[in-house]
Structures are given as structure tokens and as C-alpha cells.
Amino acid sequence: MSKLQPARGTRDIYGDDARHMRAVTDAFQRVAASYGFEELATPIFEFTEVYKRPLGETSDIVSKEMYSFESSAREAGDKEPEELTLRPEFTAGVCRSFISNGMQQNLPCRFMSWGPAFRRERPQKGRYRQFHQINAELLGQANPEADVDIIAMAWRLLNELGLGDKVVLHLNSLGDQESRAQYRDDLVTYFSEHKDELSEDSIRRLESNPLRILDSKDEGDRAIVANAPLMSASMNDESKAFFETVQAGLSAIGVPFKHDERLVRGMDYYCHTAFEFITTELGAQGTVLAGGRYDGLIEQLGGPATPGIGWAGGIERLAMLSMQGTQPDRPVMLMPMGEAATIKAFELAEDMRSAGATVISDRTGNLKKRMNRANKADARYAVILGENELENSVVTVKNLDEGSQTEVPFSALAAAVTSGGGEA
RNA sequence: GCGGGUGUAGCUCAGUAGGUUAGAGCGCCAGCUUGUGGUGCUGGAUGUCGCCGGUUCGAAUCCGGUCACUCGCCCCA
């Protein structure tokens, strides 16, 4: 075993892993495009402020999980050092881009993005320090129908990945800002009365994030949570109506969901709809796709008040669950023997590629070795060009599935290897 | 960041009353087959036993540290 390892929480992605992940992003791009989403590729790092402001100084992400650094490349012409951060999530960067480019002229905006994100957490299965997400954001629509659309899109994607029966949609509403603030107060009041019964973690949450106590895994906490006031009790009429519409819409298009009163969101800018698609097959990393509405975020970043809703999916987690992947095209292995044949083979290879074939030229070793490699590469044909063939302007085409072989004139080769399995 | 488990060949793993040259399967290489793969037969090589240090006449095995992975917590996709 080599001492040279990738940095903690990172890994090399190749082979089946790469194919499975590609299947997820391919399906995502296809599905999102069918809902009118267009690609927005934001930089992989931003000014630290972009993440710090909306997430809050005290949030776990900002205080201990961000990869931040100071760039001071004076040689490159930078006058002042810049505080930069590798993106820990997509939403803040997308909203920054929306503001930077004056996109409020063009509402509503539907953006799809994908790629790596970085968080310095303790690695676990399905949780990496460099991980990959697919991300969808819909900006400029305050109506609950938008929430239905974007959840429907997620549901369609999950089904295309064959995960319809492996995930459960947990759905909740945090209400509007007023309702949410009210609920928070109600919870603090209630939990403060039971403070001495709460776990250490939850006493801390009482200050930092009281809503999080609701999904505590501590046994003692759960007993107290069971009698805690419900979000729905604190919601005003507008918020109730909003949530009713979302649920009715999902029912109308047949998206199954479970109203989960204990599903919450950490950041303050979240409101109304919150949802998570959860599986039981990945241990503690059960959330494979999650999102919600964030009507206050863009304004908080200094842009024009613009409502937004979106979600992010973990590509690693989705890939691990679905295990789908397209195999590469079966290649034609071209085997020129000798110098003159090698030159001729360049031309034949390009002819076959022009006709749509995948061609690999194997120029080294004896024929036995090359046939062996052809077999490992799962080639459909081996094309042999030796001195005998060269003299007669033919190649020997061997069908590796059937074991049969025939001689084919140069001019007929491209057609022979692209005729779809038919013997030449 | 906190707590538990694991680390032996490319891969999956055996290997404890500490004892000489550390094993299996798969894969890999070679030959049977000098211009022909897959299945078969024969043979071969796998390796700082994660790393560093300690105990011991002697450590893959016991102890400490460290790194990585893994399970849970925190948090989250």
C-alpha cells in the first residue's frame, strides 16, 4: 500500500463510481431542462462574506466547516489580500450571481448547477469533505405552486434514478417570518421549563437553534419533544393556506409525502416549505435530497427582495443508492502489425470513428497479447492488419462474441464494424 | 470537534498460549498455443503485516502514539 493518500475526506472517483455519479448528473440535467431550468455555473470559491452573511457567524458551517483562505498573489496583480472560501453549498453563490448580473430584470429564473462543494466535517460513508451536489433554484416566485413544481421535479428525478420506493418525502412548513418567529418563542418558552431534563446538546441548541431540539436523537429529549407545541399551532392563516396549497398540489400529481412536524431548517432565512427525501439504506446519512423556501436570502445578501426556493441533492449518496450507470461503448480494437500497417491503421481508425465506432489502436506486443487486451476491453471486434492483409488491401475482422473472422476490404471496414453486430 | 470499531498481496479476507522462509481465493504474469482472446491445464511473482516508537532473546500478534477508513453524535446533501 502506498503512503501517498488523498487528503482526508477526499477520494479519487473512477470506474463504477464515476459511471454511477455521471448517471445522476445526466439524469438531473435532463429532468431539470424539461422543467425549463438552465445551467448556471458559479465559481467554486467566493468571497468569504458570501457564505458568512447568510449562514450566520455562529452556524456550524461558518464556524468550523468552511475551507477559507487568504489569497495574496501580489505577483498576479492583486493589491490587497482577499478572503476567499471554497463553496460549502450552492444556494448562496447562486443568489450572489443573481444579484451580480442584475437578473431581477428577468424573473422568474430557473437555475441548475452541479459540481463539488467542500465542508470540513468528520468523514463518514456518504459524507466527504469534498462532495458533489446537484442543485436547483427557482427565483422570483412567491406562490406555493412553485414549491409544488420544484418538489415534483425532484420526485421525477428520483424516479428516473429508480429510487421511488427507496426514499420517503418528509414535508413540513416553517410558516412565514412572523409565524416562524412566534413558534421559536413558543419553543424556547416550553423547553426552558424543561431545561434540567434536556441533554447537553439540546441545552446548547436552546441558545443557538431551538428548532433543532425537535429532531434530537437523544431518548430523554424525545420524551420532552413529544409534548412540545406544534408548528402548525403557531402558524397564521396565510401560512396555513400556503401549506395547504402545497400539499394539495403534491396530492394532485401523486407525489407521496409525510407531514413531518419535526422537520426543521437551521438558517433563519428559511420559511414556509421545508422538505427532505430520506432513505433508511445509508445509515446516518439518510438525507439524499433536501431543500426549502428562502424568501429572505437575496435581500439579506444585499439584493432586491426576491423570493426563492430550491433544493440540493448529494450525488455520492444518490449514486450509492441507485447504482445506475451506462457502460462505455464496446470498442473496436485495431491491431496493426509492423510499420507500414501502423501508418495505414491511422487512416482506417479515423474512417471507423467517422462512421460512429469507438476505436482503440493497440500497437504493442504480439497478437496473443493484443487479443487478450481486446477481450478485457470488452471489444466487439478485433481488426488485424498484418503484412498479408496490407498486400491485399484488406483487414481481418474478428467478431469476438462469435469467434468468427473474415477478410474485409479497406473500403468496407467502417460499414462492417458499425452495422450493429452483423457479421462482416 | 466528541465516543466506539478496523488497518495483512492489486481486490476480498485467513493467520492469538508472541517463535524460524506470513497464507487462501480472485486478479496479474508466463507456458501448453512461434499471426488469434474468452473456458481448460501447468508453473510463477505477489507484501517495509498502515506508519513511528516501546516491552521482549524474539512482535503481523502485546503496549503507546500517529495516519487512514468505518459506525454513531454534532451538523448536513
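When reading the values below, keep in mind they use all heavy atoms of this one structure, side chains included, and skip hydrogens, waters and symmetry mates. Per chain, numbering begins at 1; letters A, B, ... match sequence-line order.
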* Base, sugar-phosphate, or nothing: which does Leu400(A) touch, judged by heavy atoms less than 4.0 Å apart? -> base

* Asked: rU6(B) and rG50(B): how far apart are their C1' atoms, nearest whole angstrom?
  -> 11 Å

* Go through rU70(B), rU36(B), rA77(B) for me and flag the one nearest to the Leu367(A) side chain. => rU36(B)

* Asked: Within the distance-only criterion (no hydrogens, no angle test), does the side chain of Arg119(A) pair as donor or acceptor with the backbone N or O of Pro88(A) below 3.5 angstrom?
  -> yes

* Structure fact -> Testing rC74(B), rG38(B), rA77(B) for proximity to the side chain of Glu121(A), the answer is rA77(B)

* **Touch class at under 4.0 angstrom, heavy-atom based, for Phe90(A) against every strand present** => nothing

* Determine the Euclidean distance between corresponding P atoms of rU61(B) and rG7(B); express it in Å to zero decimal places. => 11 Å

* **Shortest side-chain distance from Arg212(A), nucleotide among rC76(B), rG37(B), rA77(B)** => rC76(B)

* Given the P atoms of rG4(B) and rG65(B), what is the spacing between them in whole Å? -> 11 Å

* To do: Write down the distance separating the P atoms in rC51(B) and rA22(B), rounded off to the nearest Å.
  => 16 Å

* **Touch class at under 4.0 angstrom, heavy-atom based, for Glu387(A) against every strand present** => base

* **Protein-nucleotide distance (Glu281(A), atom CD; rA77(B), atom P), rounded to Å** => 20 Å

* Select base, sugar-phosphate, or nothing to describe what Asn366(A) touches, counting heavy atoms under 4.0 Å on all strands. => nothing

* **Euclidean distance for C1', rA9(B) against rU46(B) (whole angstrom)** => 5 Å

Please produce a list of atom pairs where a protein N or O lies less than 3.5 Å from an N or O of nucleotides 25-29 of chain B.
none

* **Complement of rA60(B), any strand, by Watson-Crick or G-U distances under 3.5 angstrom** => none

* When you measure from the centre of the six-membered ring of Phe98(A), is the NZ or CZ of Arg96(A) under 6.0 Å away and within 45° of the axis? -> no

* **Aromatic plane relationship, Phe277(A) with Phe275(A) - under 30° parallel, 30 to 60° tilted, over 60° perpendicular** => perpendicular

* Asked: C1' atom, rA60(B) versus rU8(B): distance in rounded Å?
  -> 7 Å

* **Assigned partner base of rC32(B), Watson-Crick or wobble definition, under 3.5 Å** => rG40(B)

* Asked: Is rU46(B) paired to anything, Watson-Crick or G-U wobble with both distances less than 3.5 Å, and if yes, which nucleotide?
  -> none

* Asked: Would you say the side chain of Glu389(A) and the base of rG35(B) hold a donor-acceptor pair, judged only by whether the two atoms sit under 3.5 Å apart?
  -> yes

* To do: Give the rounded distance in Å between these two atoms: CZ of Arg370(A) and C1' of rU36(B).
  => 12 Å

* **Test item: side-chain donor near acceptor, Ser173(A) and Thr273(A), under 3.5 Å** => no

* NA contact type, Gly126(A), heavy-atom cut-off 4.0 Å: base, sugar-phosphate, or nothing? -> base

* **Atom-to-atom span, CZ of Arg205(A) to C1' of rC75(B) - whole angstrom** => 9 Å

* To do: May I ask you to check whether Thr396(A) and Glu389(A) show a side-chain donor-acceptor distance below 3.5 Å?
  => yes

* Asked: So, Asp329(A) and Arg380(A), do they make that salt bridge, N to O below 4.0 Å?
  -> no

* To do: Could you tell me whether the side chains of Asp295(A) and His272(A) share a donor-acceptor contact shorter than 3.5 Å?
  => no

* Determine the contact category for Lys368(A): base if any of its heavy atoms lies under 4.0 Å from a base atom, sugar-phosphate if only primed atoms, P, OP1 or OP2 are that close, otherwise nothing. => base

* Any strand: nucleotide that pairs with rC69(B) via Watson-Crick or wobble, under 3.5 Å -> rG5(B)

* Spacing of the C1' atoms in rG15(B) and rG23(B) (rounded, Å) -> 7 Å

* Asked: Is it true that Trp311(A) and Phe28(A) have ring centroids separated by less than 6.0 Å?
  -> yes

* Asked: With rounding to whole Å, what would you report as the distance between rG44(B) and rU70(B) at their C1' atoms?
  -> 36 Å

* Between Gln124(A) and rG72(B), does any side-chain N or O lie under 4.0 Å from OP1 or OP2? -> yes

* To do: With heavy atoms under 4.0 Å as the rule, sort Asp401(A) into base, sugar-phosphate or nothing.
  => base

* To do: With heavy atoms under 4.0 Å as the rule, sort Ala374(A) into base, sugar-phosphate or nothing.
  => nothing

* Got a salt bridge between Asp378(A) and Arg330(A), using NZ or NE/NH1/NH2 to carboxylate O under 4.0 Å? -> yes

* Count the heavy atoms belonging to other residues, nucleotides or ligands that lie under 6.0 Å from CZ of Arg127(A), then report whether that count exceeds 12. => yes

* Structure fact -> Contacts of Val288(A) and Asn388(A) projected onto RNA chain B by closest heavy atom; the upstream (5') one is Asn388(A)

* Asked: If you pin Gly313(A) and Asp218(A) to their nearest nucleotides in RNA chain B, which one's is more 5'?
  -> Asp218(A)

* **Presence of salt bridge, Lys344(A) and Glu347(A), under 4.0 angstrom** => yes

* Across the strands shown, which category fits Ile384(A) at heavy-atom distances under 4.0 angstrom: base, sugar-phosphate, nothing? -> base

* Looking at every strand, decide which applies to Arg127(A) at a 4.0 Å heavy-atom threshold: base, sugar-phosphate, or nothing. => base

Protein-nucleotides 66-69 of chain B N/O pairs closer than 3.5 Å?
residue	atom	partner	partner atom	Å
rC69(B)	OP1	Gly9(A)	N	3.1
rC69(B)	OP2	Arg8(A)	NE	3.4

* Using only heavy-atom distances, decide whether a donor-acceptor pair under 3.5 angstrom links the side-chain of Asn375(A) to the base of rG37(B). => yes

